[in-house]
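All chains are named by letter (A, B, ...) in the order of the sequence lines, taking the proteins before the strands, and each is independently numbered beginning at 1.
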Amino acid sequence: MKTIKEINEKIKKGQVVVITAKEAVQLVRKKGAKKASQEVDVVTTGTFGPMCSSAAYFNIGHCKPRIKIGGGSCDLNEVPCYTGFAAVDILLGATALPEDDPRNKVFPGEFKYGGAHVIHELVAGKDVKLEAYAYGTDCYPRKEIKTFINLKDINEAVLFNIRNCYQNYNVAVNLSDKTIYTYMGMLKPKIGNANYCSAGELSPLLKDPNYRTIGIGTKIFLGGGVGYVSWQGTQHNPIAKRLPNGITCVPAGTLAVIGDLKKMRPKWLVGVSMLGYGVSLAVGIGVPIPVLDEQVMASAGVPDDEIFASIVDYSKNYPNMIAESLGQISYADLESGKINIRGKDVLTGNLSSRLRALQIAEELKSWIKKGDFALSESVAPLPDKDSGYTCRALKEKPFK
Amino acid sequence: MVSRKIVLHFPKTLVEQPIVYKLVKEFNLQFNILKASVMPNQEGLMVLELVGSKEDFDKAISYLKACGVKTQPLSQDVVRDENKCTHCGVCVSVCPVGALVKDPKDNRVNFDNKKCIACELCVKICPPRAMEVSF
């Protein structure tokens, strides 16, 4: 048994033993969880994939004369922001699109530029065009402003993502006769390919399946900087189906995360365009898992071949909320590049970069080893599988 | 500077005009003729490698189009912007010829230009838009 306090003492003294989740898999396989837990203090995880429910908020500073953008309108590089705050606070969502984007008018739309791309450019240090219109008041008389802004000059710039880091996700296929375009990519007809989106054995919540160490207040790697888990993410669903090994085999827990955008790096926040679907932000997240005991180590050491995802049809079942799985498949099989579904060999594609997930786990490991990153105690737990907390469908009460 | 291989289709009304001369004179482009089949009163076809500034090249293509010359990039012209590629691997399940393959050892997505048939499926589905037609 170890405490986070003890681990932080070791970090301070430069004596901490940190390994990545990939190394944890090998170590547990070789020495068993008990021995490994005695040798290791921290396991670092990582994930890098499109996470649509991401956003950034900004306080741009007051101009002379003053303007109250709240209740007015504001674009950043022609992408509309949310303005329902006070005078100069704005929020930009990752999936927001310029008003004149053709969207899916000519199907499948290309969605070349949106909120996520603006966030990426700001983090890359580029000037971005801000254009805002207001109705004018006695205290905020100005009605229009057009100015370039730069991240380094404005007051606050905060990444605040209300749902990131899904604990497991679907394998998407298409049972229909025509190609479909989804947030899981282009899916060829008659199970022509299978796309998935998870870092598998590197993914944070898959390595702490019952949220024993990851909770509200947990300090993390976020977008190349430092962030915190601020809450359970939206659609957090801890009671989702689990296999006998305790690991969910469908999308389950999620995290809401927050961090200083000014300290993040463009490599880890990348605007992406999903053909026929829309814009999203690929976010890099790494969570350190303190090895408190043998059980934590056992979970952190679970390999790809013991983590399973469910195969879901995105032509009919997914859009119509029909909960039907076409079977389960392990991440080891998915990562092999080819799987067999209903007797057919199918190529697999991951939307989540394993290469970058590992780079994140490695970088977080080096931060901790150098003493630059101490672990935090969580201040409250995430709702777990016994909490009764769940994700429900909307009960519609239509009106005319 | 850009260097690009393009295929030009001349309608028979144009084969007697000094179009390539204009590419040099007006747009400062160097050219290297890779293939040519131009006969009087017949449709002409020419494969050119053009070298020059991006701006001049774009202007030259506009000029060719305005003249009525159909242009298309030579196949095997899909390139990857290494700075944009995140090595996610969603292209791997879509590429029909296995030109995009993930290396299980280091998780990198490798692009084999020799296998590429320039179907351009990857160009549109690549989330960070790292695959480009070099035309």
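Atom-to-atom distance recorded for B:K115:NZ and B:L100:CG is 10.0 Å, nearest 0.5 angstrom.
Among A:T182, A:N174, A:N170, the single residue meeting the side chain to side chain donor-acceptor pair (under 3.5 Å) criterion with A:Y314 is A:N170. A side chain to side chain contact (heavy atoms under 4.5 Å, CB included) with B:L48 holds for exactly one of B:N32, B:T71, B:I33; it is B:I33.
For A:S353 (side chain) and B:H87 (main-chain N/O), a donor-acceptor pair under 3.5 Å exists by modelled atom type.
For B:K124, the parts lying near chain A are the backbone and the side chain together; criterion is any non-hydrogen pair under 4.5 Å. For A:E110, the parts lying under 4.5 angstrom from a heavy atom of chain B are both the backbone and the side chain. Looking at B:L121, the atoms closer than 4.5 Å to chain A (heavy atoms on both sides) all sit in the side chain, from C-beta outward. Neither the backbone nor the side chain of B:P104 comes within less than 4.5 Å of any heavy atom of chain A. Only the backbone of B:C126 has a heavy atom closer than 4.5 Å to any heavy atom of chain A.
Between chain B and the residues A:V270, A:L187, A:T348, the largest count of heavy-atom pairs under 4.5 Å involves A:T348. Highest contact tally toward chain B, considering only A:L351, A:V346, A:L358, A:N350, is held by A:N350 [criterion: heavy-atom pairs under 4.5 Å]. Heavy-atom pairs under 4.5 Å with chain B were tallied for A:M184, A:K267, A:M186; the largest tally goes to A:M186. Note: B:P127 leads B:P128, B:P127, B:G89, B:C91 in heavy-atom pairs under 4.5 Å with chain A.
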Worksheet entry | Candidate pair B:E82 and B:F111, rule side chain to side chain contact (heavy atoms under 4.5 Å, CB included), full reasoning | CA-CA 10 Å; B:E82 298 298 334; B:F111 175 44; 5.9 Å; no
Item to complete: For side chain to side chain contact (heavy atoms under 4.5 Å, CB included), just list the numbers for A:T47 and A:S352, CA-CA rounded to whole Å, side-chain angles, deciding distance to a tenth of an Å, and then say yes or no.
Response: CA-CA 7 Å; A:T47 185; A:S352 175; 3.9 Å; yes
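The ring pair (Phe, Tyr, Trp, His ring centres under 6.0 Å) test applied to A:Y181 returns A:F107, not counting sequence neighbours.
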